[in-house]
Amino acid sequence: MKNLAQLRQHKHLLIAAALLAFAACTACFCGYVRSFAHGERTPQPTAEQRAYLSDCLDAAYPAKRRNILRALPYGTNPAVLDIAAESAILIDTANGCVLYEKNADEAIPPASIAKLFVMYIAFQEIAAGRVSLDDVVPLPENSWAVNLPRDASLMFLGQGQTVTLRELMRGLAVASGNDAAIAVATYLSGSVKDFVARMNDEAQQLGLRYTHFVEPSGYSEDNVTTARELAAFARVYVNRYPQSLTDFHSVPEISYPLEANLAPWMKDRGDSMAVTQRNTNVLLHTLDGCDGLKTGFIYESGFNIALTARRDGMRYLSVTMRGPGRTTREGNQFRERDGRTLMEWAFASFADYIPLEHIQPSYPLAVTGAKGRFTRLEPAWTTPISVPHVTGETPHDAAAQVTATVVLPTHIFGGTRAGEAYGKIEYKLGDLVLETVPLVSDRTVARAGLWGRFWGTLASAFMH
């Protein structure tokens, strides 16, 4: 009887121990499962992880992330606009979406719009600290106005003059001076030939396959580009160097040379030598929000213009080439009409929706069966969306009605790969899907071993 009682006592102790062990394991497992509920504590990716993710996304979504221009992400009926120019394109500078185009890939000389490339390279040199806008620029003999063709656009540079890079940039933007282009090119690269090589190299780096220069001013008909490639370049230019618009391209007029610019032997003439020239972009004075960009004309190209305007935080950019006109006055009239038509249509037809004003920059998510417990999912791109004016009284009314639906799994099993999509954000205006953006892991989380995957499988069962 005593042995039987002892056996019963041992049995009860074993049961109690088993229950305690089970309770402990359950508590540990519950704690393990609860540990997946603190995704907000997930550290931000390191600089190395961020760089790797960017490379992965560039490779996976080149049209969205690397292309300067792209089609609208939703279908539309092409606009029917009365544009006199043979070639035209209109884009939203916030995202590079093409809103309208007409023969945009026709090869045409850019004429003086080529000077934008001169200014772009000058801004690069300034940003690198190699030159300053206040530098006094020596004037080589081939930049003197007297040595250039009589029909060339001129700033009226001359022998012995003192002129800064800032003044030359205004001469490029406002007076469209071919002499200023030669002076800047020589100052930055040592020779016009070397500078033209730099222009072509910059065009190649931007992916402009059909743009080629033989000289920097745009005077030669052997310079060539397309409306699409000019728009792509101009978008990069105004987004990277927005100060160019306020400091140079929207300046209404320039007077040169003033007394301070004259050669010592001409100082006694004071400002009497100055020639005042109005900005060749007449839309600066007639189009609301216009602050650039550059006109161009040679007989082989017709009347060209790269135009930009900003209203209510939105900026659009158009390029028209081979504009008609038998005289400068007539050409300017067509150029102004085309530019106004494109810009007014853009501002009346679209408004930008800014995703980061409505969504989180990233979404923590549990990862089971892996060597790490969390990742962060973030949008593969967050560029603004051009919202069509299909509802409401204004385009802004339409943009205000856009909804962003975030679709996420409860968790991810077995690890993640940086840049791989595990969710999505769907932007809609009513029933119209404007864009669907993948939510991608911002880091790689390695897969766990067999034992880790076992526990991960059990945890996953309690996370649905």
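Here the structure is a predicted model, which is why all the values come from computation and not from measurement. In what follows, residues are counted from 1 in the order of the sequence shown.
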Check your understanding: Who pairs with R310 by side chain to side chain contact (heavy atoms under 4.5 Å, CB included), at least two apart in sequence or on another chain?
Key -> R315
**Study point:** Parallel, tilted or perpendicular: rings of Y427 and Y353 (30°, 60°)
**Key:** perpendicular
Review point. Between F195 and S189, what is the shortest heavy-atom contact and its length?
Key: CD1-OG, 3.3 Å
Exercise for review: For the residue pair M314 and D92, establish whether any side-chain heavy-atom pair is separated by less than 4.5 Å.
Suggested key: no
Point to revise | Intermediate values then yes/no, side chain to side chain contact (heavy atoms under 4.5 Å, CB included), L168 and M155 | key: CA-CA 8 Å; L168 290 170; M155 181 182 172; 3.9 Å; yes
**Study point:** Matching residue for E435 among R70, K428, K424 - test: salt bridge (Lys or Arg N to Asp or Glu O under 4.0 Å)
**Key:** R70
Check your understanding: Does the side chain of L365 come within less than 4.5 Å of P409's, by heavy atoms?
Key -> yes
Check your understanding: Side chains of T225 and L208: closer than 4.5 Å at any heavy-atom pair?
Key -> no
Check your understanding: Does the side chain of T280 come under 3.5 Å of the side chain of S176 through a donor N or O and an acceptor N or O?
Key -> no
Study note, to complete from the structure: Residue set satisfying side-chain hydrogen bond (donor to acceptor under 3.5 Å, both in side chains) with D55, at least two apart, ordered chain then number -> none
Review point. When you check the gap from the basic side-chain N to the acidic O, do E202 and R240 get nearer than 4.0 Å?
Key: no
Check your understanding: Closest approach of R65 and A380, non-hydrogen atoms and distance?
Key -> NH1-O, 2.9 Å
Practice item. Report the C-alpha separation of E229 and R209 in whole Å, then their side-chain angles, then the decisive distance to 0.1 Å, and conclude whether the side chain to side chain contact (heavy atoms under 4.5 Å, CB included) test is met. Key: CA-CA 8 Å; E229 293 198 348; R209 298 173 55 195; 3.9 Å; yes
Check your understanding: Minimum heavy-atom separation for T436 to W381, with atom names?
Key -> O-CZ2, 4.0 Å
Review point. Does any non-hydrogen side-chain atom of T295 lie less than 4.5 Å from one of N281?
Key: yes
Study note, to complete from the structure: Across all chains, not counting sequence neighbours, the side-chain hydrogen bond (donor to acceptor under 3.5 Å, both in side chains) partners of D338 are none
Practice item. Answer with yes or no after comparing the ring centroid distance for F350 and Y316 against a 6.0 Å cut-off, counting only values under it. Key: no
Review point. Thinking salt bridges, do R66 and D58 make one under a 4.0 Å N-O criterion?
Key: no
**Study point:** Note, Y237 side chain near L293 side chain (heavy atom, < 4.5 Å)
**Key:** yes
Review point. Is L342 close to L307 at the side-chain level, that is, under 4.5 Å between some pair of heavy atoms?
Key: no
Check your understanding: Can you find a heavy atom in the side chain of V406 that is under 4.5 Å from one in the side chain of Q360?
Key -> no
Practice item. Flag the pair E344 and R311 as a salt bridge only when some basic side-chain nitrogen lies within less than 4.0 angstrom of an acidic carboxylate oxygen. Key: yes
Practice item. Kindly assign one of parallel, tilted or perpendicular to the pair Y299 and F297, based on the angle between their ring planes and the thresholds 30° and 60°. Key: perpendicular
Review point. Are F303 and F334 close enough that their ring centers fall under 6.0 Å?
Key: no
Review point. Counting only N and O atoms by type, is there a donor-acceptor contact under 3.5 Å from the side chain of D291 to the main-chain atoms of L284?
Key: no
Review point. Stepwise, does the side chain to side chain contact (heavy atoms under 4.5 Å, CB included) test hold for L148 with I182?
Key: CA-CA 10 Å; L148 293 177; I182 294 169; 3.6 Å; yes
